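Taking it in order: structure first as C-alpha cells, then the write-up.
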Number of protein chains: 2
Amino acid sequence: MVERHEPTSREKILEVAEALFARSGFAGVGLRELADRSGLGKSSLFHHFRSKGHLYLEVLRTVLERIQERLAPVIRSQSGPAEKLPAWVEALIDALAEHPNSARLLLRALFEDDDFPEDLEPQAQEVEGIVMSILGTYQAIVQQGIDLEIFQPVSVTDATQTMIGATVYHFASGEIGEAVTGGPIFAAAAIQRRRREVVHFLIGGLTADPTH
Amino acid sequence: MVERHEPTSREKILEVAEALFARSGFAGVGLRELADRSGLGKSSLFHHFRSKGHLYLEVLRTVLERIQERLAPVIRSQSGPAEKLPAWVEALIDALAEHPNSARLLLRALFEDDDFPEDLEPQAQEVEGIVMSILGTYQAIVQQGIDLEIFQPVSVTDATQTMIGATVYHFASGEIGEAVTGGPIFAAAAIQRRRREVVHFLIGGLTADPTH
DNA sequence: TTGACGCCAGACCGATCGGTCGGTACGGTC
DNA sequence: GACCGTACCGACCGATCGGTCTGGCGTCAA
C-alpha cells in the first residue's frame, strides 16, 4: 500500500469532504472545518469548487462512479440471473465496505428530499442519473429472473428498495467502522461474513415460495 | 377523524419538530423556522425545552415509544417464532407507515454517530436504551426460531440489521410520501403491498436453504 | 526582468445560528 | 392587594455560517 502520487489539493478536499459529509450530513459540515482538515484556507475551497453545493454533488458523483465501475464487470458477464444477482450484490457490498464513508454518505443522500437551489440543478440531475442507472442494472437482472420463472414474481421496485436498504444501511451503521479499526484482516473476515448473510437474505426472498 | 383536544404548545412543537428534523436532519433545522411553524416566538421554545438537543432527543423518544407500544401486543402473544416474526415486522411497518416522518427521522438517527454534548448524555442513553430494547425483542424471536431449528442458523445481529435497513429505508424513501398525498385509501393499499413484499423477503431469508 | 497565471491565505461581509435577557399578561392563592 | 408560577414575547448577544475581495507567493514562458 504505497501512495504513488501526493494527492492534489482538489483530491484532498474531496477525500476530507466525503468523510465529513458522511459524518454530519450536508448542513452539519462547516467549510472552516473542511478547510482546516484539508490543510487549506477556507477561501481556497472556492478556488476549486464554486460553492458548497457544487462540492457536495461532486463528492456524490465520485462515490457513485466508483461504485459503478465496480459493478460494470458483473453486468457485462454472460451468466444468468441466478448467478448474476448475488454477484451484483457482492460487488456492491465490496465497494461499500472498501470505503466505509460511502455507505453513510449514500444512505443520507438516497432518501433525502433533493431540495437543491436551481443553479446546480444540472449537477443534481447528473447524480440522480447515475443512481437510476445503477438501480436499473439491478432491476434488469431481477426482471429477467422473474421472466425466466427463476425468481418469485415480486414487485421489482420494491425488491430493489429492499436490497438497497438492507445493504447500504447494513454497512452504514456503526459496527463496520469498529471492524475496520480492528485491522484489515479482521475487517475482511467480518465483511465476508456480513456479505454472505446479506446476499443470502436477498436471494432467499427472491427464490423462496411465499406461502406464509 | 376529529381532534378532540386543541394540542398544547408543547405537543405542537414536538409535532412540527418531528417533521422538520425528518426533512432536514438535526443540523439542517433552524429554531426560527421551527418557532414560526409552531405559531410561537423563538424564545418560547426554550420555555418548554432546555436546548435544541433536548428537544431533538425528546422527539426521538416520543417516536420510539409509539413504536414500542405498537410492538407490545405482538411480543406478549403466545404464538411461536414462525408466526411471531412476521407479525412483529408487520407491526413495525404499520407504525412506520402511520407516521411517515418517523421512518426518516429514525433512519437518520440510527446510523448516526451519537455525538451529543455531555449535558444531555442521560437523555441520549435513554433513547438508545429504547432502541436496544426494541431490537432485543426481535433478536429474541430470531434466536428462538434458530434454537427450534425453524430458521436457518444466521447471525442474529446481522439478521436484525438487515431487517431494520430493509424496513426503515423502505418507508423512509420518497415514494411512500407520494402515496400518502394520493389519499388514505391508495396509501393503505400501497402499504399493504409493500408490507407483504418486505415481510416475504425477510422470512425467505430466514427459512430458505442457503445453498447458492 | 517582466508579466501572466495557478494557487492560496487573511481580512472581511451580511445573514443566520443557538441561546439569553428583561419584561408582559394571566390565573390562582393567600 | 401582594404574590406566585406558567406561558409567552421582542430585542439582543457572541459565534459561526457561506461566500467575496485583495493581495502575495511561486513557476514558467518570453
Side-chain angles (χ1 to χ4, degrees), chain A residues 5-60 105 108-109 112 114-121 123-124, chain B residues 5-60 105 108-109 112 114-121 123-124:
Chain A
H5 308 289
E6 192 73 10
T8 67
S9 292
R10 186 189 156 89
E11 288 167 351
K12 182 68 179 172
I13 293 171
L14 285 172
E15 177 190 330
V16 174
E18 180 184 340
L20 288 183
F21 284 138
R23 168 167 64 82
S24 311
F26 180 75
V29 176
L31 294 185
R32 261 191 187 82
E33 181 183 4
L34 172 58
D36 287 346
R37 298 210 188 213
S38 304
L40 293 174
K42 185 164 70 80
S43 61
S44 298
L45 302 181
F46 290 90
H47 176 73
H48 297 279
F49 304 95
R50 283 204 295 174
S51 74
K52 188 188 181 187
H54 284 85
L55 167 59
Y56 177 70
L57 289 175
E58 188 70 16
V59 172
L60 273 185
L105 187 65
R108 287 183 186 277
E112 205 124 10
D114 297 16
D115 200 14
F116 289 111
E118 42 190 294
D119 64 318
L120 37 79
E121 192 75 27
Q123 285 86 344
Chain B
H5 309 288
E6 191 76 8
T8 66
S9 293
R10 185 190 156 90
E11 289 166 350
K12 182 68 178 171
I13 293 172
L14 285 172
E15 177 191 331
V16 174
E18 180 184 340
L20 289 184
F21 284 136
R23 167 168 65 81
S24 311
F26 180 75
V29 176
L31 294 186
R32 256 191 190 83
E33 181 183 5
L34 173 57
D36 287 345
R37 298 208 188 216
S38 303
L40 292 174
K42 186 165 69 84
S43 56
S44 298
L45 301 180
F46 292 90
H47 176 74
H48 297 279
F49 304 95
R50 284 205 291 176
S51 73
K52 189 188 181 186
H54 284 86
L55 167 60
Y56 177 69
L57 289 176
E58 188 70 16
V59 171
L60 272 186
L105 189 64
R108 288 182 186 278
E112 204 125 11
D114 298 15
D115 199 16
F116 289 111
E118 42 190 296
D119 64 316
L120 38 77
E121 193 73 28
Q123 285 86 343

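Everything numeric in this text was worked out from a predicted model, so none of it was measured. Here is the naming used below: chain letters follow the sequence lines, and residue numbers restart at 1 for every chain.
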*asked:* At a heavy-atom distance below 4.0 Å, what parts of residues 37-52 of chain A sit against DNA chain C?
replied: A:Gly39, A:Leu40, A:Gly41, A:Ser43, A:Ser44, A:His47, A:His48

*Test applied, side chain to side chain contact (heavy atoms under 4.5 Å, CB included); reference residue, B:Ser38; option that passes from B:Leu20, B:Ile13, B:Leu14*: B:Ile13

Residues 24-36 of chain A, side-chain donor-acceptor partners within the protein, below 3.5 Å, at least two apart:
unit_1  : atom_1 : unit_2  : atom_2 : d
A:Glu33 : OE2    : A:Arg23 : NH2    : 2.7
A:Glu33 : OE2    : A:Arg37 : NE     : 3.2
A:Glu33 : OE2    : A:Arg37 : NH2    : 3.0

*Rounding to a whole Å, what distance do you find between B:Leu120:CG and C:dG19:C1'?*
14 Å

*Excluding sequence neighbours, so at least two apart, what forms side-chain contact (heavy atoms from CB on, under 4.5 Å) with A:Glu15?*
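Applying side-chain contact (heavy atoms from CB on, under 4.5 Å) to A:Glu15 gives A:Lys12.
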
*asked:* If the condition is side-chain hydrogen bond (donor to acceptor under 3.5 Å, both in side chains), which residues does A:Ser51 pass it with, not counting sequence neighbours?
replied: A:His54

*Residues in salt bridge (Lys or Arg N to Asp or Glu O under 4.0 Å) with A:Arg50, at least two apart?*
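With neighbours one apart ignored, the set is empty.
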
*For A:Lys52 and A:Phe21, which heavy atoms make the closest approach, and how far apart are they?*
CE-CE2, 4.3 Å

*Residue pair B:Arg10, B:Glu58: steps toward the side-chain contact (heavy atoms from CB on, under 4.5 Å) verdict*: CA-CA 11 Å; B:Arg10 185 190 156 90; B:Glu58 188 70 16; 3.1 Å; yes

*Could you list by number each residue of residues 25-36 of chain B showing a heavy-atom separation from DNA chain D of less than 4.0 Å, or answer none if no residue does?*
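The stretch gives none, as no residue of it lies under 4.0 Å from the strand.
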
*Given side-chain contact (heavy atoms from CB on, under 4.5 Å), test B:Leu60 with B:Tyr56 step by step and report yes or no.*
CA-CA 6 Å; B:Leu60 272 186; B:Tyr56 177 69; 3.9 Å; yes

